[in-house]
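Take a look at the structure below.
Lettering of chains follows the sequences in order, A, B, ..., and the numbering in each one begins at 1.
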Protein chains: 2
Amino acid sequence: MISRKTKYALQALGCLAEGAAGEPMLIADLAERERIPRKYLEAILVALRKGGVLTSRAGRGGGYQLAAPPAEITLARVITILDGDLAPLPCLAGDAPARCDECGDLDTCGTRLVMAEVMRTLNATLEGLTLADIVARSREARERRRGTPDFSI
Amino acid sequence: MISRKTKYALQALGCLAEGAAGEPMLIADLAERERIPRKYLEAILVALRKGGVLTSRAGRGGGYQLAAPPAEITLARVITILDGDLAPLPCLAGDAPARCDECGDLDTCGTRLVMAEVMRTLNATLEGLTLADIVARSREARERRRGTPDFSI
DNA sequence: AAATATGTCTACAATGTCTGTAGAGTTTTG
DNA sequence: CAAAACTCTACAGACATTGTAGACATATTT
């Protein structure tokens, strides 16, 4: 359901979402703060950039930034970029379902019909959650623990 | 999200749920009807038996039967038996979440909190669907296609 | 222009999981 | 006993995941 790679990605993206919007962050800093192998994170960030979720700048003073506000980057998008289609079976593919070898009839296969229902629900859930939620949940949890909910500016 | 193994299992279980309740079905018949490699299906059925979803009888006249009515066997149960916990990351395990190596603090990790939400939704969906739904969806689809919805007994 | 800081790309390797196969063994019925 | 059926252990190939290495390209600062 969630790979280590995706978790790394969400952690790094959460980190970027928490930071100030204007300043790029370095791969090395993200890797250290979130305890992610540097070169592995590198590959993840490149994929996210190609997926349009991040922008980067090389050279001194460069680094990575979110390509959009945290509230506009959904979990569905991040997961799809990194792990591909949620459904590893051809007959459940979101866009163009194709017959699996063992599927008798695509339209009347009960297993397929029921699992398609599950996939739709899951997708709706993932479309409804964003990086902003990750930041919010984390902050709520920290405040709750200290017993000092902070409603001030 | 769904492995080939789980799909095979659901197909075979759907087949058993459709058939008459009293008569056991043979591995070989299930394998042929659903186009599943015989020996692989064998391993799947053994796991389901150990998981309490099936009963079997060896010897002539033997075979496999559901251990409960189709409406009482949830997708959640089948998937858990075959693929283990839905969450492959320690920090998201349903019963006893443990810290992953890269998790800083289990209670305030935003990624974990949000993904836990997703897992709960997914689990609720899978708990709400049963073998009876697989049979029902398949029958509805067949009836719809022939243009002869059948509301009679 | 040179030096340095930074991201980019390709290739590879270790490990693990998934899918599938083989064959000997055990239980039950007739 | 003999045949029909499930049971168990072991293995193997393909594939995905995770992680590493190092050469390269780009941008900034001086």
In plain terms, say whether [X] and [Y] are close enough for a salt bridge, that is, a side-chain N and a carboxylate O under 4.0 Å apart.
{"X": "B:E42", "Y": "B:K39", "answer": "yes"}
{"X": "B:D133", "Y": "B:R137", "answer": "yes"}
{"X": "B:E18", "Y": "B:R142", "answer": "yes"}

Nucleotide [N], atom [atom2] - distance to [atom1] of [X] in whole Å:
{"X": "A:I27", "N": "C:dC9", "atom1": "CD1", "atom2": "P", "answer": "11 Å"}
{"X": "B:L82", "N": "C:dC18", "atom1": "CG", "atom2": "P", "answer": "11 Å"}
{"X": "A:R49", "N": "C:dG7", "atom1": "CZ", "atom2": "P", "answer": "11 Å"}
{"X": "B:D83", "N": "C:dG16", "atom1": "CG", "atom2": "P", "answer": "19 Å"}
{"X": "B:K7", "N": "C:dC18", "atom1": "NZ", "atom2": "C1'", "answer": "16 Å"}

Report which part of the nucleic acid A:L45 touches: base, sugar-phosphate, or nothing (heavy-atom distance under 4.0 Å, all strands).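 Contact class for A:L45: none.
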
Listed partners of [X] passing side chain to side chain donor-acceptor pair (under 3.5 Å), at least two apart:
{"X": "A:T108", "answer": "A:D105"}
{"X": "B:T55", "answer": "none"}
{"X": "A:E127", "answer": "none"}

For B:Y8, the option from B:R4, B:Q11, B:K5 that meets side-chain hydrogen bond (donor to acceptor under 3.5 Å, both in side chains):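 So, applying the side-chain hydrogen bond (donor to acceptor under 3.5 Å, both in side chains) to B:Y8 and each of B:R4, B:Q11, B:K5, only B:R4 qualifies.
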
At under 4.0 Å between heavy atoms, how does the protein contact nucleotides 21-30 of chain C? Give one character per nucleotide, 5' to 3', with B, S or -. BBB---BBSS

What's the separation between atom CG in B:L48 and atom CG in B:L10, rounded to the nearest 0.5 Å?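 Answer for the CG-CG pair, B:L48 versus B:L10, is 9.0 Å.
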
Separation between CG of A:D107 and CZ of B:R144, rounded to the nearest 0.5 Å: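 Between A:D107 CG and B:R144 CZ, I get 9.5 Å after rounding to 0.5 Å.
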
Hey, does the side chain of A:S56 come within less than 4.0 Å of C:dT8's phosphate (OP1/OP2), counting only N and O?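 Answer is yes, contact under 4.0 Å.
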
The helix from C:dA1-D:dT30 to C:dG30-D:dC1: angle between end helix axes, five pairs per end, rounded to 10 degrees: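 Computed angle between terminal axes is 10°.
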
Does A:R99 have more than 12 heavy atoms from other residues, nucleotides or ligands lying within 6.0 Å of its CZ?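 More than 12 within 6.0 Å, yes.
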
Can you list the steps and then say if B:L16 with B:L54 is a side-chain contact (heavy atoms from CB on, under 4.5 Å)? CA-CA 10 Å; B:L16 284 165; B:L54 290 177; 3.6 Å; yes

Opening and closing nucleotides of DNA chain D in contact with chain A, under 4.0 Å to non-hydrogen atoms: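 On DNA chain D, the outermost contacted nucleotides are D:dT18 to D:dT29.
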
Of B:A28 and A:K5, whose nearest nucleotide on DNA chain D comes first from the 5' end?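 It is B:A28, whose closest nucleotide lies nearer the 5' terminus.
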
